[in-house]
Amino acid sequence: MTAVSLQNITKTYGETRAIDNLSLEIASGEFLTLLGPSGCGKTTTLRAIAGLVVQDSGSVKIGGVDLSAVPTHKRNIGMVFQSHALFPHMTVADNVAFGLRMRGMAKDQREAEVEKALDLVRLPGYGSRFPSQLSGGQQQRVALARALVINPSVLLLDEPFGALDRKLRETMQVELRELTRRIGITAVFVTHDQEEALMLSDRIAVMNAGRIEQLGSPAAIFEAPATRFVADFMGVANLIRARVAAVNGAHVNLEAGSLRLLAPRVDGLSAGGEIDVAIRAERMALDAAGMAGENAARGRILSAVYHGNLTTYEIDAGGQRLTAREASAPGTGGTRFRAGDEVTLRWAPEAVRVLLS
Amino acid sequence: MTRLFHLLIGLLAAFILAPIVVVVVASFSARTVPEFPPSQWSFRWYEHALNQAIFVNSAVNSLWLAAVATLLATPLALAVAYAIVRGRFPGRDALQTFLLAPLIVPSIVIGLSILLALATLGVRDIGLRLVGAHVLITFPYLVRTIMASLVRLDPMIEEAARTLGAPPLRTFLSITLPLVRPGIIAGMLFAFIVSFDNVSLSLFLTNARTNTLPLAILSYLEFNFDPSIAAISTMLVVLSLTIAVVLERVVGLRKVVGA
């Protein structure tokens, strides 16, 4: 069943199109993430669902009802902001009870609901404190309780963990994931952090310039980016412009300078055409010995950067700059090779992903 | 370096405070002219000042005027400040500049313009004239301080209230108003002082029977030079200090003046 449906939404600010004819269906109970760099329109899209931004054209439906002309306070949504946006002059309990009070719930029932909501976010007994007396993580949990206690049709989260430090952010991510699955709520999450998106989501919509560039499961987005933009944003280090040399059977032969690549065949390729391919750095294997050939290149190490469990090498392979990443070898001072070493790079045909132009 | 800096600050403070100290000390002289330091000390000029009908009546007038003008200007200023800070409409910056004009135009010019305008409109009632003029000059102070509070209020807090089901008016009353209350109180106290202290506008709008305290002091000084003026000044200084202390305690003066 569809919980939220956006149809042909467009929002313009002056000359710029913040949202450009965007359509999206979010299933009931689904956790969907809008992922993209700042200015891609992800927050504007979220705010359009909330009614905090009114689209120029298109419609927003929640639970099958067109809410395009309905103001925010009648949409029954729960929203969590990056700045947590708690009411500083109210206690935690009053913050959480605010939405229930607006719905005219009786005091006894309200208190019981508030208590349940604070238990849910693991803050029992914090009701009488003020937001300023809580840590950043606790404040964000109160904001979550406040948004959930009204039993909203959809939970909207706008980079809620952006202001937290890395360790706390990871804890909160695990908690949010577990909590939303347990209560089965539909959630729309906005972030620019690809790891966060991969970890939390059922589906990810990668956005660019007000449009959805690719929509799919975390694994599909990560392993099979459709466009150069998505591949780049998902951290694919090797984006290579190549010429189609031949198409035969299940594979295509590609050439990029002296580099020869074999890739799985995709529709719409013909010999002589130019395309982009993506190869993740960790799919490139390094050897001291070996020969150049199909899906193999000789090159010289330009730099070796040790970052803990992984080491990243920049390699010059006959004028083509390639990046390879491997698990750091223990007992070698971190890096197997040094700048200036001659190496051979190898990769499997399945590692080569042909991108749409 | 720091020591030199402290010395400079000290000199500056002395420069500002010295005249006030002189007035306060001189108000306790026993002789018929203000002396610094007094050769004999007494409270007699306080008694004298408080027994003068002209001071007491004009002080009552000034207090009433300042209170009424402030109470009328505050809701207007709140509405305008909210529109300027949260609203998005053409001419917003122009409106902001325009509303601060009474701070820039010489108040003697404003006084004259109001006199001419009120005469043209046929407003004869002194109270009405004074209240109208004082609402006008207190207004920009209120708008400024309330705007300063509103700018610091995260708009997402108001948005959060709306997502939780609060209609716009409810959001304003339950969330916005309590959170900008310090700014409103500070603005009201500033407005009160500005009105109470005003000479240049009142000069054009009062008559022989209705006077404000600053004007009463001026006209008294034309014919008398006894320490009762110093006594009144001292009482006003105490009043202002009390207000400043209350401000600091209630809302934090530093927050209010935006330092």
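Because only heavy atoms are used, hydrogens play no part in the values below, and waters and symmetry mates are left out as well, while side chains stay in. Residue numbers begin at 1 in each chain, while the letters A, B, ... track the order of the sequences.
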Would you list the atom pairs in which one atom of chain B and one of chain A form a donor-acceptor pair under 3.5 Å?
unit_1, atom_1, unit_2, atom_2, d
D154(B), OD2, S83(A), OG, 2.9
E159(B), OE1, R47(A), NH1, 2.9
E159(B), OE2, R47(A), NH2, 2.7
L164(B), O, R103(A), NH1, 2.8
S174(B), O, H89(A), NE2, 3.0

* Asked: Between I77(A) and chain B, which part of the residue has a heavy atom less than 4.5 Å away: side chain, backbone, both or neither?
  -> both
* Structure fact -> For residues 6-18 of chain B against chain A, heavy atoms under 4.5 Å, the residues are none
* Restricting to pairs with a member in residues 187-202 of chain B, which pass salt bridge (charged side-chain N to carboxylate O under 4.0 Å, His left out), not counting sequence neighbours? -> none
* Could you list the residues that satisfy side chain to side chain donor-acceptor pair (under 3.5 Å) with S195(B), not counting sequence neighbours? => H134(B)
* Hey, mind stepping through F81(A) and I157(B) against side-chain contact (heavy atoms from CB on, under 4.5 Å) and telling me if it holds? -> CA-CA 9 Å; F81(A) 299 83; I157(B) 292 180; over 6 Å; no
* Asked: Which region of L100(A), side chain (C-beta onward) or backbone (N, CA, C, O), has a non-hydrogen atom less than 4.5 Å from a non-hydrogen atom of chain B, or is it both or neither?
  -> neither
* Between A160(B) and A85(A), which heavy-atom pair has the shortest distance, and what is it? -> CB-O, 3.8 Å
* **Proximal component of L179(B), with respect to chain A [non-hydrogen, under 4.5 Å]** => side chain
